[in-house]
Amino acid sequence: MKLTDLQDEVSGVWEEKGYELPSYDREAVKKKTWEAPAWVHFGAGNIFRAFPAELLQRLLNAGEYDKGVIVAESFDHEIISKAYKPYDSLSLSVVLKADGTIEKKVVGSVVEALVADQAEPADFARLFEIFDCPSLQMASFTITEKGYSIYDGKGNILPVVEAGFQAKPEDQGHLMGRVAALCYRRFQTCGAPLALSSMDNCSHNGDKLKAGVMAFVDAWIRNGIVEPAFGDYMKDETKVSFPWSMIDKITPRPDENVKNMLETDGFEDTELIITNRNTYTSPFVNSEETGYLVIEDKFPNGRPPLEKAGILFTDRETVDKVEKMKVCTCLNPLHTALAIYGCLLSHTSIHEEMEDAQLSALIEKMCYQEGMPVVVDPGIIDPKEFADAVLRLRLPNPFMPDSPQRIVTDTSQKLPIRFGETIKAYEASGTLQVDSLTLIPLVLAGWCRYLMGLDDEGKPFEQSSDPRLDEVKEYVADVRLGEDTDVHLVLEPILSDATIFAVDLYDAGLGEKIEGMFAELTAGTGAVRATLKKYTA
């Protein structure tokens, strides 16, 4: 069983082994897409294949659409040369469900794979041809948040970007410059509308994409490289739009256990590929069963009917509400709580933590009792149903390997949104009292305890990277387990810092409570477990 076998007569073994195959004429779909492309996607990684490409597959199988998607990759060319082109852009989607069942589906909706770089001139020329076509409706992106950035960590413009500002549109080293160049070609040849749609997991992602692209457009106009009318075209939302979206689906790197299971079936395309840029990929992609994609419905040239495959199209305000529901209440705070206490209790996987009675109680009560009273309800997704799926299906799923050590990365940057917004909502409420909160303060006290770098047995552990870690851990450097400490003197510089928590926790009425919890957590070895038992009982 090989993916390329599907170009010829299909063996009945696939169905016998439980593999769902494309039920449409893929060659006809390829032809229609070549003649009049509608959708190109930048970012050929696992999330694209497991989610947007699989959703399009559903439309094709149902006969609701007749074109495929063209994928382009600018960062890691080996993804195209090693995971797409040898397999005719076919891939195997393996969905690992929490109940132990597995769904295996060959995805054929990707009909062309290109390198979005001048290093592959034929591929790059083909992208310009695609953007020439009035039929093109959308260019979407999963390139990670850093893919949009034109600045370094100190706020300086990247050299490749500065060079691109001075260069011709067709000679760009940064993807945002290349996208601007493709749009300029479209402006020159047909002037047709287009949606540039980010599907990356970052807040207000459409604005990030717009800022990156428009930086090049504006620079080229200033430098006399392109005509001002191009800027008018790009700023006219009836011509070019940058819709917001919220995406939520876990697609970890290809798993060795999945590889072994597929090989037992007789499926041969299981090579685990690690590129020179340290990308982990394979002809198969494994993912969780739950997934959400909510997109602002602003597509000036139309779009494929992806709502029939489960994408929720709505207005910008609702997209923002969905994101806040997820990030402030129903998922991200739960992840952070598990990450902090998982490190303190020496857990190494999230699903293992969900079997820990105190930790599962901590996040359930924090979510339902403290978060839900102020949750942002977007209307199109029920917050409780979303949280139920997180707590019952997603976090306990043993097939989704993730670790508290990974999730605790950059916690100082996450606390303001994941907890500070809930505290502010309590402050603004006319009926709720901030001092009624217990489990959110316990998580914040746990983070202060985490800064000590000692687990519950008093053994050192390696702390994950965080831009403020070296600064804040100095405040707890002299704290010793089981020894008397002036907790207020130690924690006041941390808990009063609104840049970490979005509020001064003393002004909010929680500082002293957190101090008391920190004292309990540092009372000696075993104190973390004892404190959790006390507050989650």
Side-chain angles (χ1 to χ4, degrees), residues 35-43 70 72 74-75 114-141 143 147-151 155-198 204-244 296 298-303 316:
E35 293 171 346
W39 181 8
V40 61
H41 181 89
F42 291 88
I70 299 159
S74 69
F75 174 73
L114 304 169
V115 172
D117 193 320
Q118 296 94 324
E120 296 289 342
D123 283 10
F124 202 54
R126 172 62 181 147
L127 276 173
F128 279 97
E129 289 178 2
I130 291 166
F131 273 72
D132 285 348
C133 297
S135 60
L136 185 65
Q137 297 176 319
M138 61 186 284
S140 55
F141 300 78
I143 57 175
Y148 305 102
S149 180
I150 61 174
Y151 301 98
N156 301 313
I157 291 180
L158 295 167
V160 67
V161 173
E162 186 62 54
F165 286 172
Q166 311 298 327
K168 295 178 180 179
E170 62 270 21
D171 187 20
Q172 298 296 315
H174 193 285
L175 178 59
M176 294 297 97
R178 292 171 187 162
V179 172
L182 291 165
C183 290
Y184 183 53
R185 173 70 169 265
R186 186 172 182 82
F187 164 75
Q188 289 179 305
T189 56
C190 70
L194 181 68
L196 300 177
S197 177
S198 171
H204 302 172
N205 47 22
D207 286 352
K208 288 180 169 59
L209 172 57
K210 183 176 183 179
V213 172
M214 292 307 298
F216 284 88
V217 174
D218 293 340
W220 293 341
I221 292 171
R222 285 196 310 271
N223 294 330
I225 296 171
V226 303
E227 58 270 42
F230 176 48
D232 297 335
Y233 167 79
M234 292 296 293
K235 293 170 185 174
D236 182 349
E237 290 196 343
T238 67
K239 292 292 187 181
V240 180
S241 66
F242 296 85
W244 291 6
E296 179 186 3
K298 188 180 289 184
F299 291 80
N301 202 28
R303 57 171 175 75
R316 176 168 290 197

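Sorted by first and then second residue, the pairs that involve residues 130-140 and meet salt bridge (charged side-chain N to carboxylate O under 4.0 Å, His left out), not counting sequence neighbours, are Asp132-Arg185. Within the structure, salt bridge (charged side-chain N to carboxylate O under 4.0 Å, His left out) pairs that include any residue of residues 114-128 comprise Lys85-Asp123, Glu112-Arg126, Asp117-Arg178, Arg126-Glu129 (at least two apart or interchain).
Using a 4.5 Å cut-off on side-chain heavy atoms (C-beta onward), Ser241 and Leu196 make no contact. No side-chain heavy atom of Val226 sits under 4.5 Å from any side-chain heavy atom of Val217. You'll find the side chain of Met176 reaches within 4.5 Å of the side chain of Ile143, heavy atoms only.
Expressed to the nearest 0.5 Å, how far CG of Leu175 lies from CZ of Phe141 amounts to 6.0 Å. Here the straight-line distance linking atom CG of Leu114 with atom CZ of Phe42 works out to 9.0 Å at 0.5 Å rounding. A distance of 11.5 Å separates CG of Leu194 from SG of Cys133, quoted to the nearest 0.5 Å. Note that CZ of Phe242 and NZ of Lys298 are 11.0 Å apart. Values are rounded to the nearest 0.5 Å. To the nearest 0.5 angstrom, Ile70 atom CD1 is 3.5 Å from Ile130 atom CD1.
Side-chain atoms of Arg186 come within 3.5 Å of backbone N or O of Phe131 as a donor-acceptor pair. Distance alone, capped at 3.5 Å, is enough to place a donor-acceptor pair between the Gln137 side chain and the Asn301 backbone. Under a 3.5 Å cut-off, the side chain of His174 and the backbone N or O of Phe216 do not form any donor-acceptor pair. Side chain of Asn223 to main chain of Ile225: no donor-acceptor pair is present (N/O by atom type, distance under 3.5 Å, no hydrogens or angles). A donor-acceptor contact shorter than 3.5 Å links the side chain of Ser135 to the backbone of Pro37. With hydrogens and angles disregarded, no donor-acceptor distance shorter than 3.5 Å links the side chain of His204 to the backbone of Gly206.
Phe124 and Ala116 make their closest contact through CD1-C, 3.8 Å (heavy atoms, listed as atom of the first residue, atom of the second, distance). Among all heavy-atom pairs drawn from Gly191 and Lys239, the shortest one is O-NZ, 3.6 Å. Residues Trp220 and Gly177 share a closest heavy-atom pair of CH2-O, 3.5 Å.
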Got a list of side-chain donor-acceptor pairs under 3.5 Å for residues 158-166, not counting sequence neighbours?
unit_1, atom_1, unit_2, atom_2, d
Glu162, OE2, Gln166, NE2, 3.4

For residues 207-215, run the donor-acceptor check on the side chains, cut-off 3.5 Å, and write out each pair with its distance to 0.1 Å, sequence neighbours left out.
unit_1, atom_1, unit_2, atom_2, d
Asp207, OD1, Trp244, NE1, 3.1
Lys208, NZ, Ser203, O, 2.9

Under 3.5 Å, which donor-acceptor pairs link side chains of residues 227-235 to any protein atom two or more places apart or in another chain?
unit_1, atom_1, unit_2, atom_2, d
Glu227, OE1, Tyr184, OH, 2.7
Tyr233, OH, Ala192, O, 2.7

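In terms of the side-chain contact (heavy atoms from CB on, under 4.5 Å) criterion, residue partners of Phe299 (sequence neighbours excluded) are, by chain and number, Met138, Ala195, Ser197, Pro243, Ile295, Asp297, Arg303, Phe313.
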